[in-house]
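Following: one structure in structure tokens, then a few remarks.
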Amino acid sequence: MTQDRILIAGGGIGGMATASGLAQKGVRSVVLEKSPELGEIGAGIQLGPNAFHAFDYLGVGDAARDMAVYIDNLRLMDAMSGHEITRIPLGDAFRKRFGNPYAVVHRGDLYGVFLRAARAHDLVELRSGAEVIDYDQDAGSVTAILVDGERVKGRALIGADGLWSNIRKRVIGDGAPRVSGHTTYRSVIPTGDMPEDLRWNAATLWAGPKCHIVHYPLSGWKLFNLVVTYHNDAAEPVAGKPVGHDEVRKGFEHVAPVARQIIDKGKDWRLWVLCDRDPALNWVDGRVALLGDAAHPQLQYMAQGACMAMEDAVCLAAQVEGRFDDIGAVLQDYQAKRRLRTARIQLQSRELGNHVYHPAGAHAELRNAVMRARGPEEWYDEIAWLYGTTGLDGAVSRETMPGQ
């Protein structure tokens, strides 16, 4: 029995999505999560059509759609002038082009969808308080070694244990993540506290010199998610540290009052110093493979972290179907399909931060001119490589979704 299952280190969205995908293919899995309780921290997540493609493949499409907030536009605002630069409409034309909607959700709500699916499936075993710190493998199996010394055996081990992955230390061994110097502050406020003239049904980005502000509605319009970031050359990783209002505000004193007022509404701010890694050529060690942030951590600027982890889960499930006895080849094929697409996301996320989110002066004026010149169909063409796929294609894929 122990060799008829796949071990998953990490019970976040990526790990849970992987368990759901494997179960869809009749494959047993054990999720080993280090935290004493299963859950997700954080606030909002943006979900492009590629996320909904993944939900359907993973068997949670209806549940995911029920808890999502469907927004009308992606809006880019100039934080210095207070004026709109451009918008991408997300209505019928967008849905027809990409076969699915664009939405926003609370991270906890999304995690709950996967958790309930896992608990309902007899092919998924969930274990909390079970941190995987190392592994051994031989010709027929792999053994996950837990922090308390327990050894758990399976056919393969998937390292879905995040940015600071213990599994990555063995598979790649590339040291600590790269610190970007960008600090993000997050808050969630009741919708009634959001300035009335900014309660837009949109994922809104205010872009300014070395800073930006993002907001959108959550949880059936009960809440607004606030995410504000500035480039303050932070040198050390920090995650979830509570901070006061004055620290948040000081990075935005130079932006227009209409944008700055959003920060004044925030409460219970927490900070994260953003980190990523350079793309890696190899994520596989025999019967062990990486997934999600353990494989390809990225900056937030393309809003694709959770989406890429779910796409990984889709791809892994697709590769394992009918090939469970050849797990080494399965993992190599999974890596081959995912490696360059996720590398593109990692690298373009950095460039978006530099050229769209944070430029100043002539650089910002050039951004405004270029982006204002594009109409909706031009925007759809620009983002087709990202949204017009299930994640089973490579870095450059042809659209195959309904409407094409």
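Heavy-atom basis, side chains included; hydrogens, waters and symmetry copies ignored.
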Step by step, would you call Tyr230 with Lys250 a side chain to side chain contact (heavy atoms under 4.5 Å, CB included)? CA-CA 10 Å; Tyr230 68 92; Lys250 70 183 180 183; 3.2 Å; yes
Run the side chain to side chain contact (heavy atoms under 4.5 Å, CB included) check on Leu146 and Val132 step by step: do they pass? CA-CA 4 Å; Leu146 306 190; Val132 181; 3.7 Å; yes
Please step through side chain to side chain contact (heavy atoms under 4.5 Å, CB included) for the pair Ile13 and Ile45, ending with a clear verdict. CA-CA 11 Å; Ile13 288 173; Ile45 297 178; 3.8 Å; yes
Report the C-alpha separation of Lys210 and His254 in whole Å, then their side-chain angles, then the decisive distance to 0.1 Å, and conclude whether the side chain to side chain contact (heavy atoms under 4.5 Å, CB included) test is met. CA-CA 10 Å; Lys210 288 193 172 183; His254 58 300; 5.7 Å; no
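Among residues at least two apart or in separate chains, side-chain hydrogen bond (donor to acceptor under 3.5 Å, both in side chains) pairs with a member in residues 110-128 are Arg127-Glu150. Judged as a side-chain hydrogen bond (donor to acceptor under 3.5 Å, both in side chains), the pairs with a partner in residues 289-298 (not counting sequence neighbours) are, in order, His296-Asp312.
A 4.5 Å side-chain heavy-atom check between Val320 and Tyr334 finds every atom pair outside the cut-off. Leu22 has its side chain out of reach of Leu123: every pair of non-hydrogen atoms, C-beta onward, lies at least 4.5 Å apart. The shortest distance between side-chain heavy atoms of Phe114 and Leu38 does not fall below 4.5 Å. Residues Met80 and Pro209 meet the side-chain proximity criterion, which asks for heavy atoms closer than 4.5 Å. Annotation: side chain of Val188 is in contact with side chain of Asn225 (closest heavy-atom distance under 4.5 Å). Taking 4.5 Å as the limit, some side-chain heavy atom of Ile262 sits within range of a side-chain heavy atom of Trp206. Within the 4.5 Å cutoff, the side chain of Val273 has no heavy atoms near those of the Glu236 side chain. Using a 4.5 Å heavy-atom threshold, the side chains of Asp78 and Asn368 count as touching.
In this structure, the separation between OG on Ser187 and CG on Leu226 is 5.0 Å, given to the nearest 0.5 Å. Note that the CG atom of Asp136 and the OG atom of Ser141 stand 9.5 Å from one another [nearest 0.5 Å]. With values rounded to the nearest 0.5 angstrom, Gln332 atom CD is found 10.5 Å from Asp326 atom CG. Taken to the nearest 0.5 Å, the CG atom of Leu352 stands 10.5 Å off from the NE2 atom of His212. Note: Lys222 NZ to Ile189 CD1 = 15.5 Å, rounded to the nearest 0.5 Å. Going from atom CD1 of Ile85 over to atom CG of Leu205 covers 7.5 Å, rounded to the nearest 0.5 Å.
A donor-acceptor contact shorter than 3.5 Å links the side chain of Arg170 to the backbone of Tyr135. Not one N or O on the side chain of Gln46 forms a donor-acceptor pair closer than 3.5 Å with the backbone of Ala303. The backbone N or O of Arg151 sits nowhere less than 3.5 Å from a side-chain atom of Thr143 that would complete a donor-acceptor pair. Not one N or O on the side chain of Arg95 forms a donor-acceptor pair closer than 3.5 Å with the backbone of Tyr102. No donor-acceptor distance shorter than 3.5 angstrom exists from the side chain of Ser29 to the backbone of Leu7, with no hydrogens or angles considered. In this structure a side-chain-to-backbone donor-acceptor pair under 3.5 Å is present from Arg339 to Leu281. Arg338 contributes no side-chain N or O that, together with a main-chain N or O of Cys315, makes up a donor-acceptor pair within less than 3.5 Å. Judged purely by atom type and a 3.5 angstrom limit, Arg28 has no side-chain atom pairing as donor or acceptor with the backbone of Arg5. A distance-only check finds no donor-acceptor pair linking the side chain of Glu382 to the backbone of Arg374 [under 3.5 Å].
Judged by the 6.0 Å distance and 45° axis criteria, Arg186 is positioned over the aromatic ring of Trp272. Taking the ring axis of Trp200 as reference, the NZ or CZ atom of Arg87 does not stay both within 45° of it and closer than 6.0 Å to the ring centre.
Annotation for Leu291 and Ala309: closest pair CD2-O, 4.0 Å, computed over non-hydrogen atoms. Residue Val31 comes nearest to Gly11 through the heavy atom pair CG1-CA, 3.6 Å, listed as atom of the first residue, atom of the second, then distance. Residues Leu58 and Ala17 approach most closely at CD2-O, 3.6 Å, considering heavy atoms. Of all heavy-atom pairs spanning Trp164 and Ala176, the tightest one is CZ3-CB, 4.1 Å. A pairwise comparison of heavy atoms in Cys307 and Gly48 identifies SG-N, 4.3 Å as the closest pair. Counting all heavy atoms, side chain and backbone alike, Phe98 lies closest to Ala384 at CE2-CA, 3.7 Å.
With sequence neighbours left out, the side chain to side chain donor-acceptor pair (under 3.5 Å) criterion links Thr183 to Asn232. A search for side chain to side chain donor-acceptor pair (under 3.5 Å) contacts involving Lys267 returns Asp193, not counting sequence neighbours. Applying the side chain to side chain donor-acceptor pair (under 3.5 Å) rule to Asp264 yields the partners His245, Arg249; only residues at least two apart in sequence or on another chain are considered. For Ser165, the side chain to side chain donor-acceptor pair (under 3.5 Å) partners are Asp161, not counting sequence neighbours.
The number of heavy atoms from other shown groups lying within 6.0 Å of CG (Asp268) does not exceed 12. No more than 12 heavy atoms of other residues, nucleotides or ligands sit less than 6.0 Å from atom CG of Asp92. Within a 6.0 Å sphere centred on CG of Asp66, other residues, nucleotides and ligands contribute more than 12 heavy atoms. Other residues, nucleotides and ligands contribute more than 12 heavy atoms inside 6.0 Å of the NZ atom of Lys25.
For the residue pair Tyr301 / His182, a side-chain donor-acceptor distance below 3.5 Å is found, with atom types taken as modelled. Looking only at atom types and distance, the side chain of Glu247 has a donor-acceptor partner in the side chain of Tyr185 under 3.5 Å away. Gln346 and Asp276 share no side-chain donor-acceptor pair at under 3.5 Å.
Tyr387 and Phe94 have perpendicular rings, their planes meeting at more than 60° on a 0 to 90° scale where under 30° would count as parallel.
Under a 4.0 Å N-O distance rule, the pair Asp56/Arg65 qualifies as a salt bridge.
For His231 and Tyr357, the ring centers sit 6.0 Å or farther from each other.
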